[in-house]
Amino acid sequence: MHPFKHHHTRTPPRRYLLSTGYQRNHDLASIASLLVAAALVLWASQVAFALPTFTNVAPALGINHVQSTSGLTENMSAGVAAADFDGDGLIDLFFTRIDGADVLYHNTGNGFVDVSAASGFTQVLPTTGVAAGDIDNDGDEDLYVTATGHNRFYLYINDGTGHFTEQAATRGADVQASGTATWKGMGVAFGDYDRDGYIDILTSDHSRPTGNNGSRLLHNLGAANPGHFEDVTHAAGIDVYRPPLHGGDFVYRFQPQFTDIDHDGKTDIVFSADDHTSQLFWNNGDGTFTDGTQAAGVGTDTSGMGNTIADYDGDGDLDWFLTAIYSGYSFTGNRFYRNNGDRTFTDVTTAAGVRNSGSGQELAWGWGTSFFDYDNDGRPDLMMTNGSTTTGYTGDHTTLRRNNGDGTFTDVSTSAGILDNGQGRGLIHVDFDNDGDLDVVIAKYGSAPIVYRNEGGNGNNWLNVKTRGTISNRDGLGAWITLVADAEHPEQKQMAEIRSGESYLSQSELTAHFGLGTFTGAVDLVEIVWPSGLVQRYVDLPVNSTLMAVERLLGDYDGNSIVDSRDYVIWRHFLGATGNGLAADAAGPHGAPDGVVDNWDYLYWQANFGLSFGVATGSVAAATVPEPTSLGLIFLLSLAVFGCRPRDRRSEWQRN
């Protein structure tokens, strides 16, 4: 089966995609100076359609459980995670619950069915945060759940059919409290911080003593014992805490994320935390981390709750947004940090117009948040939910801020149909109906969830990328994906990182979604840099489709971990052959082997020429593409076959 939902006619590429001499004859400084202007012109041309609206379809879909039935329960709770738990290709939803069993909804394609009891979720626990991921690389999504007012956390192992068995204690992941102490567990994130091919666990805890709390880094034992863990919090240096604003020796962490926020190939850690204790930890590459919060210019929020990360301004690096309490006085609202590209950040909260999570000048108590491109125009938009049982904060509006493309955002909540003003907590984006635009799910404290279906976002075009690691962790967590729709305009590239732990107590679907606006041609390039270091390029991809990217070195036909002229010889030998498992069948027009060796396989050889990979060391090298004379007859043959010859070049995509 092709990995795309829509098919693309088998025709040769219209252009020689990666000749990539396109930038040689241009002055780089001139291109840089024109970058913002060019991007604005493109974006402006992509929005000439009615902006999407949202409709709450939760009741119609059968999602109607109540998160809490008691007014005395933990009012900071309510999380949700999106993943395909039963492997049927549809995204299911899992909700934590304070005074009832957790809820798992199976996506039928026409709605959702509560399968909690049949899936193994019958125990009533005070659960809060949740993350979904394949902790043992066995091909299915497992679940990790934190709890509050409780003495441990929970790890649910998927048997591959969507049935779960709790195994935290036997796998070293229960974070058992000592004595009579109880945790106030909050968010959790998965990520491969040591890039050994297995995902690790990072938990948060709120208002607990620094010397005895449930904020832990659990290292996956990997190949020696997949899906089993050891506590490395102290050894890694994660038990370093900032002094709380209001004094005391307590930890106030809410939501962690693993992210390579400085793009140096090492997975860093960020925490959104209460009472002026949010933190950024740089990965030292040796299993330890260094607190770089103050030097980076972040952590200035007074009440950090949820957080989300994206390249909002299209400059190729990741920016960081945190929700917080806004009162206009002692609580100064959200924080938005623009990445300067040198391990420092600039606070652009006010300039971007996102200081208040609520609408207008209302008091707002921010929680879950997410960057996502709701109108598929190529710019990440920003949504946040609010609410508190505290007097004065009971009517906070959930808001949607549309990215204007000039560094600012506009509140479009009302016109987009976002009318919720209840007790929102976790917020995620997910394409639950597989229609090419992103929907929103909000987990609510004390009431039923909201499912906002996107109506019309797919009026613009899009491309999805789902990752499956083979050397890296199976989910591809930590993969960097760069998309260039038109190779003649590389400055208009988009990038995304596959990441767990976004928002607050929650996790969005692990899919890279790229809005393409009115662009209708084939996408020239999708480049994936896997956590292993392997670089992989897909070319000439059809719009409005989903690429299932499997980690492998495309074009390496002789299996020696380098794409070079010898692979061309193999391609030429097999040209025209059909069948399964052909040595030179890299991929067809849909990005997967298609049972025929043809010009598409040449194209993938060309796109990945010069790339090499050392599995033992995780090293990547980009070899200089040889001069045409060094390949002699091989290149003359290509000229005869295609009417063009592979050109001498070091690809623009190899520059890093």
Side-chain angles (χ1 to χ4, degrees), residues 67-68 74-82 93-98 127-132 144-148 184-190 202-207 215 251-259 269-275 277-279 301-310 320-326 333-336 354 357-358 364-372 382-389 393 396-400 420 422-430 440-447 449-450 452 499-509:
Q67 185 268 346
S68 173
E74 173 54 69
N75 64 6
M76 295 191 295
S77 65
V80 55
L93 296 173
F94 178 89
F95 292 86
T96 61
R97 196 149 62 146
I98 284 293
T127 57
T128 48
V130 58
Y144 192 86
V145 179
T146 62
T148 184
K184 201 167 187 178
M186 291 295 158
V188 57
F190 288 149
L202 183 62
T203 66
S204 291
D205 206 8
H206 186 276
S207 60
S215 179
V251 176
Y252 289 100
R253 289 174 176 171
F254 271 127
Q255 184 62 42
Q257 283 201 69
F258 286 106
T259 175
I269 287 172
V270 297
F271 287 98
S272 53
D274 209 351
D275 213 30
T277 60
S278 293
Q279 285 176 282
D301 54 278
T302 56
S303 54
M305 306 293 190
N307 72 90
T308 183
I309 293 171
W320 187 22
F321 176 80
L322 299 88
T323 55
I325 304 171
Y326 177 82
N334 306 327
R335 290 296 186 275
F336 192 13
V354 294
S357 294
W365 200 296
W367 297 104
T369 182
S370 179
F371 274 117
F372 67 101
L382 182 60
M383 193 167 180
M384 55 204 90
T385 190
N386 305 276
S388 175
T389 57
Y393 291 91
D396 305 6
H397 290 82
T398 294
T399 59
L400 173 64
D420 170 50
Q423 295 290 324
R425 296 296 183 266
L427 181 153
I428 64 171
H429 64 263
V430 56
V440 175
V441 179
I442 303 175
K444 309 270 288 184
Y445 167 70
S447 61
I450 286 177
Y452 278 124
R499 187 188 318 110
S500 164
E502 183 179 62
S503 189
Y504 174 80
L505 310 183
S506 301
Q507 180 179 303
S508 295
E509 178 184 356

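All residue numbers in this chain count up from 1 along the given sequence. Every heavy atom of this structure was used, including side-chain atoms; hydrogens, water molecules and symmetry mates were not. What you see is a predicted model, and the numbers here were worked out from it, not measured in a lab.
Between the side chain of Q67 and the backbone N or O of S447, no donor-acceptor pair lies under 3.5 Å. Looking at D301, its side chain never comes within 3.5 Å of a backbone N or O of N334 through a donor-acceptor pair. Between the side chain of T128 and the backbone N or O of G185 there is at least one donor-acceptor pair closer than 3.5 Å. Panel note: side chain W367, backbone Y504; no donor-acceptor pair is recorded below 3.5 Å. In this structure, the side chain of D396 engages the main chain of W365 through a donor-acceptor pair within 3.5 Å. Of the possible donor and acceptor atoms, one in the side chain of S503 sits under 3.5 Å from a partner among the backbone N and O of T369. Under a 3.5 Å cut-off, the side chain of T146 and the backbone N or O of G129 do form a donor-acceptor pair. When atom types are taken as modelled, the side chain of S303 and the backbone of A324 share no donor-acceptor pair closer than 3.5 angstrom. In terms of modelled atom types and a separation under 3.5 Å, the side chain of T399 and the main chain of S357 share a donor-acceptor contact. Distance alone, capped at 3.5 Å, places no donor-acceptor pair between the S204 side chain and the M186 backbone.
Between F336 and F371, the ring planes lie tilted relative to each other; the angle falls in the 30° to 60° range. In this structure, Y144 and F190 have perpendicular ring planes: the angle between them is above 60°, well past the 30° mark.
Closest non-hydrogen pair, P256 versus A189, comes out as O-CB, 3.5 Å. Residues G368 and T323 come closest through the heavy atom pair O-CG2, 4.4 Å. Here the shortest heavy-atom pairing between I428 and S506 reads CG2-CB, 3.6 Å. Between A273 and T277, the closest heavy-atom pair is CB-OG1, 3.2 Å. The two residues G79 and V130 make their nearest non-hydrogen contact at C-CG1, 4.2 Å.
Atoms CD1 and CG, from I269 and L202 in turn, are 5.0 Å apart once rounded to the nearest 0.5 Å. A distance of 12.5 Å separates NE2 in H206 from CZ in R253, rounded to the nearest 0.5 Å. If you take OG1 on T302 and CG on D275, they are separated by 8.5 Å, rounding to the nearest 0.5 Å. Atoms CD1 and CG, on I325 and D274 in that order, are 6.0 Å from each other to the nearest 0.5 Å. T385 OG1 to M305 CE: the interatomic distance, rounded to the nearest 0.5 Å, is 12.5 Å. Interatomic distance, S388 OG to M76 CE, rounded to the nearest 0.5 Å: 10.0 Å.
Evaluation of the side chain to side chain contact (heavy atoms under 4.5 Å, CB included) rule for Q423 yields T389, R425, Y445 as partners, not counting sequence neighbours. Residues forming a side chain to side chain contact (heavy atoms under 4.5 Å, CB included) with S207 (at least two apart in sequence, or on another chain): K184, Y252.
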Pair M383-Y452, side chain to side chain contact (heavy atoms under 4.5 Å, CB included): steps then yes or no: CA-CA 12 Å; M383 193 167 180; Y452 278 124; 4.2 Å; yes
Decide side chain to side chain contact (heavy atoms under 4.5 Å, CB included) for I309 and F321; before the verdict, give the C-alpha distance in whole Å, the side-chain angles of both, and the deciding distance to 0.1 Å. CA-CA 6 Å; I309 293 171; F321 176 80; over 6 Å; no
Evaluation steps, side chain to side chain contact (heavy atoms under 4.5 Å, CB included), between L427 and V440: CA-CA 7 Å; L427 181 153; V440 175; 4.0 Å; yes
Chi angles and distances behind the side chain to side chain contact (heavy atoms under 4.5 Å, CB included) call for S370, S508: CA-CA 8 Å; S370 179; S508 295; 4.2 Å; yes
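In this structure, a donor-acceptor pair under 3.5 Å is absent between the side chains of S272 and Q255.
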